[in-house]
Asks: 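Pasting a structure here, questions to come.
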2 protein chains.
Amino acid sequence: MNFERSQPAPVSPTPGDPAVPSSPDPAGAASPDSARAPSQDLVRALTDERVIRALIDHRRLTRAELAAEIGISKPTAGESVRRLTERGLVADTGERTPGGRGRGRVGSYYALAPAIGGALAVTIGPEGIVAECLDVYGDGIASATRHPEPSRVGAALAEAVSEVRDLTPQPIRLAVVSAADPVDRVTGRLVQLPDSPFLVGELDPVAIICAYVDGPVIVDNDVNWAAAAQGRRDFAYLYLGEGLGAAIVDDGGIRRGSSGLTGEISHLLTVGPQGRAIAFIDLFGELGLRKPGTTAIDVPRLKESSTAVRETIATAVGGVIAAVIALADPEDIVVGGSWGPFLIGEIRAAAARLPRQVPLRAAAPTGSPASVGVRAEAISRLRASITADL
Amino acid sequence: MNFERSQPAPVSPTPGDPAVPSSPDPAGAASPDSARAPSQDLVRALTDERVIRALIDHRRLTRAELAAEIGISKPTAGESVRRLTERGLVADTGERTPGGRGRGRVGSYYALAPAIGGALAVTIGPEGIVAECLDVYGDGIASATRHPEPSRVGAALAEAVSEVRDLTPQPIRLAVVSAADPVDRVTGRLVQLPDSPFLVGELDPVAIICAYVDGPVIVDNDVNWAAAAQGRRDFAYLYLGEGLGAAIVDDGGIRRGSSGLTGEISHLLTVGPQGRAIAFIDLFGELGLRKPGTTAIDVPRLKESSTAVRETIATAVGGVIAAVIALADPEDIVVGGSWGPFLIGEIRAAAARLPRQVPLRAAAPTGSPASVGVRAEAISRLRASITADL
DNA sequence: TTTCCAAGGCAAGGGCCCTGACTAGAATCG
DNA sequence: CGATTCTAGTCAGGGCCCTTGCCTTGGAAA
């Protein structure tokens, strides 16, 4: 077994595949710090970590600048740089301090070595596949896009990742993936839930991507990544498009649940026509608003529907909101997806009839909030993985 | 402002009261460790911390035993004990190693000094008030109980806490409180939600208890504490008694939401008679199962009700379970409260008709799970507060 | 060319921990 | 009852990491 350890995340180096390099996880899962060596090479490691962090923030620094920035002495800074250079994590850029700075001796600029590698950020959805390689600074190094037919998603994913891999000189230390379908938290696979629209289809991104990446592959639902990108502590994101979903952020962290299916609200009971209780997704079946032959909602038809139908839908959404309030107590609720913001007026009215009130906002129609969240996670994990191994 | 910092918790030293000692919070909220001094007195602090932890675990140890236990050298252990003794955290117990141990020189047993203090664990519910003082080892030092009339809850709480305070020689460093009503996460007050049973009533435990305690006062709902005591990573606890509630544990942490009202499921929509959508609590009104004159459910009447009514209730609970599954994705659901386990068979049958399945368990009828959770939290916070200030 | 001045290196010193040897002191053995 | 045995605690020496203070280096300004 070599599951990813870091707690707040969905997971998944493939358990069985021997071809997968997958992070070695040296010397046992380190508990908070105190489990570490009782001795004082800990403080050296800490110094090195601070040097790396300073170089992430400032891109290039002389040893004197490092000392000033971190608050350590010059000899210590010099020693740390020497150690890190020896390990290949830091390199002399060859640049020297510009003459303009003053008259003193010129300093040598050091920066993180390219060998520290990059991270892959991948989004998979009905609108296509985007794979992108980012460096520690958060800059894009390379990217590739595909718009495959539904049957070729797996192959196209492999192509895109392979292309990015070839375009990237650095090693790729991990991948973070967003998929537009429910993701099984344990295996990282896309799963089909009964009666839910299945936009991407059967897919095991971990198995495909692992071959091109040296470390863990993290997969999660796009709605979760979009929610993570909001940077709020307690809120809920209601996704109302061809599929139905929700993401819940509590105490600053995304709530995933035991199998990662938190927010799959299709089967939530709510109010249907004539006040009957009905599963949320079934409402659209009854109203004839599902795309024929699929499980997806027919959004264009929905948008053209009568006022009465829209009221009915909004009332049902109100029931979903009541459930979200009861079970997640968000500070506010963001309504997104292809038709959610379209009905925001009716939904607000329906929510106003609930016993507990929560502010509702329509999602800003930004490009793709999920990819923002994926990128942020990829960068933060890349940085963590660098400082993790001393 | 002096809100408690530690993230995973509901909070509340009173903001305004100048009479409140309330923890000083010295030198800024320390981030994980790296924000600490860059130097190596950090490792000394770490050593001291380990000594304290070892003394918590073993109660009394000689310096030689400490060295062996922690894995440090004897001189280092001796130095640490000297420092800690000087600071009043550790004391020579006067006990000496028993002759039976061997023939060598007798050693001096050291233990944590009484001055490190204790923690208050308080439960407030319709069945009464219990205040209890615990020491670092988790042993009860003193306790007091009250069974006040509803109008005297505040006064009785003050009495009980005061009594425990007087019985305790040690300083009391913090209090953890369980209350049988919804707790506002920000203020720590008990809040009345529309149409919910309000068992304890208007109360501000923080304001009352603060006067007797040197540190923070943490208040939360009893259902949350009961859930926390289960020690599982991802599950939900459904409380079905005179009041209705739920607690959600995700990734090992209790979910509270922005105002602490996560799990207040009274207004969740579910299936009522004739398949109509109805708020969970209203069902009991329609069935005539609410105590006259109150908002509480009449449990004896409920238990005597007909099979049809029980089926109806179980179906409604099934709807609540569907919502919990959709929005929390628990590994399993524990059903507790005064009538939940009573209907577990019917509820299981209703849940079996849902599209997604989750194992249901009846809560073990242990004494009071909430007080277990409160005690555990009090002890763990007490220990953390000791090791926190070096 | 000389002067200036910051970068970088060297040496000394302090703190913390470790190892190994020594002292202290009580129980057990002969 | 003294010698032996064995362990608690202390002392001395040494390594590692960091700091301060001073010196050297080497371009730019004068």
Side-chain angles (χ1 to χ4, degrees), chain A residues 33-34 36-51 54-55 58 60-86 90 92-111 390, chain B residues 33-34 36-51 54-55 58 60-86 90 92-111 390:
Chain A
D33 236 315
S34 29
R36 214 193 186 93
S39 88
Q40 54 204 111
D41 63 21
L42 180 153
V43 28
R44 187 183 51 180
L46 225 74
T47 299
D48 289 354
E49 188 181 322
R50 300 177 131 214
V51 167
L55 286 176
H58 296 79
R60 69 208 224 299
L61 292 168
T62 68
R63 279 166 282 192
E65 287 169 343
L66 266 172
E69 175 69 25
I70 303 179
I72 59 179
S73 66
K74 285 190 291 172
T76 301
E79 260 306 292
S80 179
V81 167
R82 194 195 54 68
R83 278 194 302 267
L84 292 170
T85 304
E86 210 165 60
V90 162
D92 187 336
T93 60
E95 297 171 290
R96 299 294 175 255
T97 49
R101 152 109 66 113
R103 343 191 179 175
R105 171 179 178 176
V106 295
S108 308
Y109 278 120
Y110 288 83
L390 314 202
Chain B
D33 235 313
S34 29
R36 214 195 187 90
S39 87
Q40 55 203 110
D41 63 22
L42 181 152
V43 30
R44 186 184 52 179
L46 226 73
T47 299
D48 289 354
E49 188 179 322
R50 301 176 131 215
V51 167
L55 286 176
H58 296 80
R60 68 206 224 299
L61 292 168
T62 67
R63 279 166 282 193
E65 287 169 343
L66 267 172
E69 175 69 26
I70 303 179
I72 59 178
S73 65
K74 286 191 291 172
T76 302
E79 259 307 292
S80 179
V81 167
R82 194 195 53 69
R83 280 193 302 266
L84 292 170
T85 303
E86 211 165 58
V90 161
D92 187 336
T93 60
E95 297 170 290
R96 299 293 175 255
T97 50
R101 152 109 65 113
R103 345 194 178 174
R105 170 179 177 178
V106 295
S108 307
Y109 277 119
Y110 288 84
L390 315 202

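In the text below, chain A, chain B and the rest are named by the order of the sequence lines, each starting its count at 1. Keep in mind the model is a prediction, meaning the values are calculated, not measured. What's counted below: heavy atoms across the whole structure, side chains too, no hydrogens, waters or symmetry copies.
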Asks: Quickly work out the A:R50 CZ to D:dC18 C1' distance and round it to whole Å.
Replies: 13 Å

Asks: Identify the heavy atoms of A:L61 and A:A54 that sit nearest to each other, and give their distance.
Replies: CD1-O, 3.9 Å

Asks: So does B:T47 get a side-chain nitrogen or oxygen closer than 4.0 Å to the phosphate oxygens (OP1/OP2) of C:dC16?
Replies: no

Asks: Expressed in angstrom and rounded to an integer, what is the separation of A:L42 atom CG from C:dC17 atom P?
Replies: 12 Å

Asks: Take atom OH of B:Y110 and atom C1' of D:dG9, then tell me their distance rounded to the nearest Å.
Replies: 9 Å

Asks: Between B:R82 (CZ) and C:dG15 (C1'), how many Å, whole number?
Replies: 13 Å

Asks: Between B:R105 and B:T76, which has a closest nucleotide on DNA chain C that is more 5'?
Replies: B:T76

Asks: How long is the line joining CZ of A:R83 and C1' of D:dC18, in whole Å?
Replies: 11 Å

Asks: Can you measure B:Y109 atom OH to D:dA8 atom P for me and round it to whole angstrom units?
Replies: 9 Å

Asks: So which heavy atom on A:D92 is nearest to which on A:S108, and how close?
Replies: OD2-CB, 4.0 Å

Asks: Heavy atoms from C-beta onward define the side chain here; which of D:dA8, C:dC18, C:dG8 lies closest to that of B:A64?
Replies: D:dA8

Asks: Give the nucleotide from the list C:dC18, C:dC16, D:dC18 with an atom nearest to the side chain of B:V43.
Replies: C:dC16

Asks: If we only count heavy atoms from C-beta on, is the B:I72 to B:L66 side-chain gap below 4.5 Å?
Replies: no

Asks: Which whole-number value in Å describes the distance from A:R96 CZ to C:dA6 C1'?
Replies: 15 Å

Asks: Please determine whether a side-chain nitrogen or oxygen atom of A:R63 lies at a distance below 4.0 Å from atom OP1 or OP2 of C:dG9.
Replies: yes

Asks: Should A:R82 and A:E79 count as an ion pair when the cut-off is N to O under 4.0 Å?
Replies: yes

Asks: Nearest to the B:T62 side chain among C:dG8, D:dT19, D:dG9, which nucleotide is it?
Replies: D:dG9

Asks: What's the closest nucleotide to the side chain of A:V106 if the choices are C:dG8, D:dT10, D:dG27?
Replies: D:dG27

Asks: Classify A:G107 by what it touches in the nucleic acid, base, sugar-phosphate, or nothing, heavy-atom distance under 4.0 Å.
Replies: sugar-phosphate

Asks: Both B:P75 and A:A77 contact DNA chain D. Which one's nearest nucleotide lies toward the 5' end?
Replies: B:P75

Asks: Mind calculating the distance between CG (B:L66) and P (D:dT10) to the nearest angstrom?
Replies: 13 Å

Asks: Quick one: does A:T62's side chain get under 4.5 Å of A:V106's, heavy atoms only?
Replies: no

Asks: Out of C:dG8, C:dC16, D:dA8, which has the shortest distance to the side chain of B:D41?
Replies: C:dC16

